[in-house]
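Note that this is a predicted model, so its numbers are computed, not measured. The residues of the chain are indexed from 1 along the displayed sequence. Reckoned from all heavy atoms, side chains included, excluding hydrogens, waters and symmetry mates.
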Amino acid sequence: MQRLTNRSDKGYALPEEMRHRALERLGRWEDMAEQLECEQADIAAQLEQLRRVGKERSVRFRELFARKLTVSTVLDMLRQSEVQ
């Protein structure tokens, strides 16, 4: 990924000519985070449905659970990078 910002001891700087590209990239990252949050909720609902019918040992359950862990890890990394 091509870096758009310059990092220094004082924080980050963005050249004026890169502002539009940086804003577009930020928007796409935010869209991705929202999509991951929706996917996480959908996976949780599917897992709960499988639990209700006793399918905790099924391949589908295990696949969904692995995906839930992956999505959770990515979301945690995104949240840790948020500016407070």
Any residue meeting side chain to side chain donor-acceptor pair (under 3.5 Å) with N6, in chain and number order, not counting sequence neighbours | none

Tell me whether L26 is reachable from M1 by hopping between hydrophobic residues (I, L, V, M, F, W, Y) whose side-chain heavy atoms are closer than 4.5 Å.
-> no

By side-chain contact (heavy atoms from CB on, under 4.5 Å) - contacts of Q49 (at least two apart) | R52

Does R51 reach the side chain of F61, with side-chain heavy atoms less than 4.5 Å apart?
-> yes

Just wondering, do E56 and L47 contact through their side chains at under 4.5 Å, heavy atoms?
-> no

For E34, which residues count as a salt bridge (Lys or Arg N to Asp or Glu O under 4.0 Å) partner, sequence neighbours excluded?
-> none

Sequence neighbours left out, what pairs pass side-chain hydrogen bond (donor to acceptor under 3.5 Å, both in side chains) with at least one residue falling in residues 23-32?
-> none

Write out all pairs satisfying side-chain hydrogen bond (donor to acceptor under 3.5 Å, both in side chains) with one or both partners inside residues 62-76, taking only residues at least two apart or from two chains.
-> E39-R67, Q40-S72

Inter-residue atom distance I43.CD1 - L64.CG, 0.5 Å rounding = 6.5 Å

More than 12 foreign heavy atoms under 6.0 Å from CZ of R57: is that the case here?
-> no

Sequence neighbours excluded and cut-off under 3.5 Å, please list the side-chain donor-acceptor pairs for residues 9-23, or say none.
residue, atom, partner, partner atom, Å
E16, OE1, R19, NE, 2.8
R21, NH2, Q2, OE1, 3.2

